[in-house]
Amino acid sequence: MNNEKKENEIERLDFVRQIVADDLESDKWEGRVATRFPPEPNGYLHIGHAKSICLNFGIAAEFGGTCNLRFDDTNPIKEEQEYIDSIIADVKWLGWDWQDRLYYASDYFQQMYEWAVDLVKKGKAYVDDLTGDEIRRYRGTLTKPGKNSPYRDRPIEENLDLFEKMKNGEFPDGSKVLRAKIDMAHPNLNMRDPVMYRILHASHPRSGDKWCIYPMYDWAHGLEDSIEKITHSICTLEFENHRPLYDWFLDELGVYHPQQIEFARLNMTYTVMSKRKLLQLVQEKMVNGWDDPRMPTIQGLRRRGYSPAAIRNFCKTIGVNKFNSTIDAALLEYCLREDLNKTSPRVMAVLKPLKLVITNYPQGPTEELDAVNNPEDENAGTRKIPFSRELYIEREDFMEEPPKKFYRLAPGREVRLRYAYFVTCTDAVKDADGNVTEIHCTYDPATKGGDAPDGRKVKSTLHWVSAQHAADAEVRLYDHLFTKENPDEAVEGKDFKSNINPNSLEVLTDCKVEPSLADAKSLDRFQFERLGYFSVDPDTADGKLVFNRTATLRDTWAKIQKQQKA
RNA sequence: UGGGGAAUAGUGUAACGGUAGCACAACUGACUCUGGAUCAGUUAGUCGGGGUUCGAAUCCCUGUUCCCCAGCCA
């Protein structure tokens with residue numbers, strides 16, 4: 001990063017970075033900056049997590065600090081190794097590095113237990129025999145204070161004994177909990193004697209059957225941060241109400257005390273972002289798994305063809321704040337195109353082929369023409385593409401009766417075939433139903449390479465592939481998963497699933513691509529000229545090419561068509 | 001008469017008592033061997049009402065609206 005850019009960024013710090021910068025200035029943490037990304041391994045990461053990842057890892061990188069990857073694996077009922085693996089892969093793919101600082105909350109269970117015993121000894125925690133239902137009723141409501149549990153004033157010795165027996169597995173699930181003794185009349189419900197431990201005879205993905213009590217988030221999270229000497233514990237807005245409790249535990253224990261800072265989670269138009277809803281889409285087979293290219297998951301975006309750089313730049317662009325907002329999905333696409341435009345090799349591919357025969361071109365021979373690999377990148381070089389008498393062009397690039405502003409091929413009209421020749425349409429061959437099956441053109445040999453020596457211009461340039469050289473491919477086109485900007489805005493009695501876009505996936509099986517693509521590898525990214533950005537789907541195998549459309553190019557003609565219809 | 005947050009163009013986001021700026025979107029136009037990219041331009045904003053001040057998005061008062069909290073989830 002150059003100095004000029006760095007200076008620019010320092011001028012416009014978001015509120016979290018401002019706090020970090022101020023703390024550095026005042027030497028609050030002895031010059032340290034330590035953040036962490038603490039996912040619960042109970043689902044796949046999505047673009048919303050990317051915002052948090054880029055914030056935490058980004059701050060560490062910018063301020064010369066460190067960021068840990070820590071699994072907050074305190075609930076074995078929901079967590080699985082599969083999720084741990086995917087999260088590690090995703091954070092890595094996004095380009096972040098935690099070096100040797102991969103941590104698990106479950107590794108701190110013994111220390112947490114000992115601290116809990118300390119609290120019991122101080123008379124600040126007690127074992128409660130109330131049922132879950134009773135605890136809820138004793139808690140009171142938003143407007144009414146709660147009342148003390150009858151077990152609240154058990155002698156310390158009895159609490160110690162009971163808590164140890166809880167740990168030793170002597171009680172059934174749900175029969176007892178350990179609670180902090182704070183204030184049942186506290187206006188903040190989180191402070192009304194929150195549960196610290198519940199009994200769960202469940203096997204943990206990492207600690208196995210070693211524990212049958214598991215710490216609750218509020219108890220565990222601050223301790224994890226404390227153990228790792230985190231300076232800035234960044235989390236989402238809904239935890240703002242929990243901060244007093246975060247602080248209370250750490251203060252009562254008298255241990256190292258990080259600062260919790262809350263920011264607003266990401267919302268985006270035309271998609272859902274909650275793990276619960278994404279899980280539903282997967283389980284109810286409304287998409288083809290977590291890595292379905294229509295999903296906002298990191299794995300979905302990766303399979304769709306997104307680059308890590310595009311996602312990171314998006315996260316930088318959206319900023320950080322304390323109020324709920326919904327980012328326009330178009331901004332993500334913008335960041336995507338901005339990156340792919342610079343980095344994607346250009347190729348020619350025809351999605352909906354229409355045969356074009358050049359009637360005055362010799363039958364036998366073919367020629368090799370020079371094509372530029374990437375006009376945005378001089379170092380990308382050129383390649384040869386085969387040209388012959390019979391080609392495929394895009395069906396949409398020909399119209400028998402062209403409307404206004406349609407510049408492409410039509411009877412009698414001359415256009416350029418990219419990197420090849422000018423051709424003029426002489427006629428269209430039709431089947432019995434009147435559908436155009438083939439078009440005939442003549443070419444001007446003097447325009448080889450794509451320029452006319454006499455200086456004449458054409459309105460349009462078409463992409464094409466040589467029929468005899470083309471490789472076959474399947475191409476999957478995607479649209480928004482939902483038809484509404486806000487999928488949750490459903491009619492009475494329906495939920496977000498009623499807003500699923502039935503046309504979010506279109507599979508084209510008869511596509512023709514230039515021969516250079518024959519040995520493209522999984523997840524390789526290309527720009528199909530005039531069509532958009534495409535990447536190789538992992539389904540590609542033994543000569544069967546499958547591409548995903550990552551994004552279309554900006555399409556002025558489509559816009560005009562839309563206006564003409566309206 | 002619960003508590004905690006928050007309000008700046010259509011959408012995001014700056015301005016830290018001194019010219020309301022930037023990006024996306026939308027719309028013009030220029031250029032172009034991608035109707036791409038690029039470039040130039042246009043439309044459009046401080047939640048309402050009071051106050052303090054030479055001067056308020058910013059400070060004070062007041063109202064309004066929105067979000068979060070009653071899991072042995074995180």
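Residue numbering restarts at 1 for every chain, and letters A, B, ... go by the order of the sequence lines. Values below: all heavy atoms of this structure, side chains included; hydrogens, waters and symmetry mates excluded.
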With a sphere of 6.0 Å drawn around CD of Glu378(A), does it hold more than 12 non-hydrogen atoms of other residues, nucleotides or ligands?
no
Could you give the distance separating [M] and [N] at their [atom1] atoms, to the nearest angstrom?
N	M	atom1	result
U65(B)	U42(B)	P	38 Å
U46(B)	C22(B)	C1'	16 Å
U43(B)	G21(B)	P	12 Å

Might you list the N or O atoms of the protein lying below 3.5 Å from N or O atoms in nucleotides 27-31 of chain B, with each pair's distance?
| from | atom 1 | to | atom 2 | distance (Å) |
| --- | --- | --- | --- | --- |
| C27(B) | OP1 | Gln563(A) | NE2 | 3.2 |
| C27(B) | OP2 | Lys559(A) | NZ | 3.3 |

Shortest non-hydrogen contact between Asn313(A) and Thr317(A), atoms and distance:
O-OG1, 2.7 Å
Which heavy atom in Tyr214(A) sits nearest to a heavy atom in Thr74(A), and how many Å separate them?
CB-O, 3.5 Å
Could you spell out the base pairing of RNA chain B as a dot-bracket line? Use Watson-Crick and G-U wobble contacts where both distances are under 3.5 Å, [ ] for crossing pairs, | for partners on a different strand.
.((((((..((((....[..)))).(((((.......)))))....(((((..]....))))))))))).....
Between the protein and nucleotides 71-74 of chain B, are there any N/O to N/O pairs under 3.5 Å, and if so, what are the atom names and distances?
| from | atom 1 | to | atom 2 | distance (Å) |
| --- | --- | --- | --- | --- |
| G71(B) | OP2 | Arg136(A) | NE | 3.3 |
| G71(B) | OP2 | Arg139(A) | NH2 | 3.4 |
| C72(B) | OP1 | Arg139(A) | NH2 | 3.3 |
| C72(B) | OP2 | Arg139(A) | NH1 | 3.2 |
| C72(B) | N3 | Gly174(A) | O | 3.3 |
| C72(B) | N4 | Leu130(A) | O | 3.0 |
| C72(B) | N4 | Gly132(A) | N | 3.2 |
| C72(B) | N4 | Gly174(A) | O | 2.9 |
| C73(B) | OP2 | Arg198(A) | NE | 2.9 |
| C73(B) | OP2 | Arg198(A) | NH2 | 2.9 |
| C73(B) | O3' | Arg198(A) | NH2 | 3.2 |
| C73(B) | O2' | Asn75(A) | ND2 | 3.1 |
| C73(B) | O2' | Lys78(A) | NZ | 3.4 |
| A74(B) | OP1 | Thr74(A) | OG1 | 2.8 |
| A74(B) | OP1 | Arg198(A) | NH1 | 3.3 |
| A74(B) | OP1 | Arg198(A) | NH2 | 3.0 |
| A74(B) | OP2 | Tyr217(A) | N | 2.9 |
| A74(B) | O3' | Asp72(A) | OD2 | 2.7 |
| A74(B) | N6 | His242(A) | NE2 | 3.3 |

Given atom [atom1] of [X] and atom [atom2] of [N], what is their separation to the nearest angstrom?
X	N	atom1	atom2	answer
Arg418(A)	A37(B)	CZ	P	14 Å
Arg243(A)	G5(B)	CZ	C1'	9 Å
Arg265(A)	G5(B)	CZ	P	19 Å

Quick one: does any side-chain atom of Asn56(A) pair with a main-chain N or O of Ser52(A) as donor and acceptor, under 3.5 Å?
yes
Could you pick out which residue, Ala330(A) or Gly450(A), lies toward the 5' side of RNA chain B when each is mapped onto its nearest nucleotide?
Ala330(A)
Start at the 5' end of RNA chain B and walk down; is the nucleotide closest to Arg346(A) or to Lys144(A) reached first?
Lys144(A)
For Ile318(A), the side-chain contact (heavy atoms from CB on, under 4.5 Å) test, sequence neighbours excluded, returns Lys51(A), Leu266(A), Phe314(A), Ile327(A), Leu331(A)
Test side-chain contact (heavy atoms from CB on, under 4.5 Å) applied to Asp107(A) - qualifying residues, sequence neighbours left out:
Tyr104(A), Arg206(A)
Side chain of Thr461(A) (C-beta onward), nearest among U34(B), G3(B), C16(B)
U34(B)
Side chain of Thr141(A): nearest nucleotide among A70(B), A37(B), U34(B)?
A70(B)
Angle class for the Trp219(A)/Phe249(A) ring planes (parallel below 30°, perpendicular above 60°, tilted otherwise)?
perpendicular
Is the phosphate of A70(B), meaning OP1 or OP2, less than 4.0 Å from a side-chain N or O of Arg192(A)?
no
Both conditions, 6.0 Å and 45 degrees, for the charged tip of Lys277(A) above the ring of Phe496(A): are they met here?
yes
Ring of Phe171(A), cation from Lys176(A) - is the NZ or CZ under 6.0 Å from the centre and inside 45° of the axis?
yes
Enumerate the protein-to-nucleotides 10-13 of chain B contacts in which both atoms are nitrogen or oxygen and the separation is below 3.5 Å.
| from | atom 1 | to | atom 2 | distance (Å) |
| --- | --- | --- | --- | --- |
| U11(B) | O3' | Thr326(A) | O | 3.1 |
| U11(B) | O2' | Thr326(A) | O | 3.0 |
| G12(B) | OP1 | Thr326(A) | N | 2.6 |
| G12(B) | OP1 | Thr326(A) | O | 3.3 |
| G12(B) | O5' | Thr326(A) | O | 3.1 |
| G12(B) | O2' | Ile318(A) | O | 3.3 |

Per the glycosidic torsion and the 90° limit around 0, nucleotide G71(B) is syn
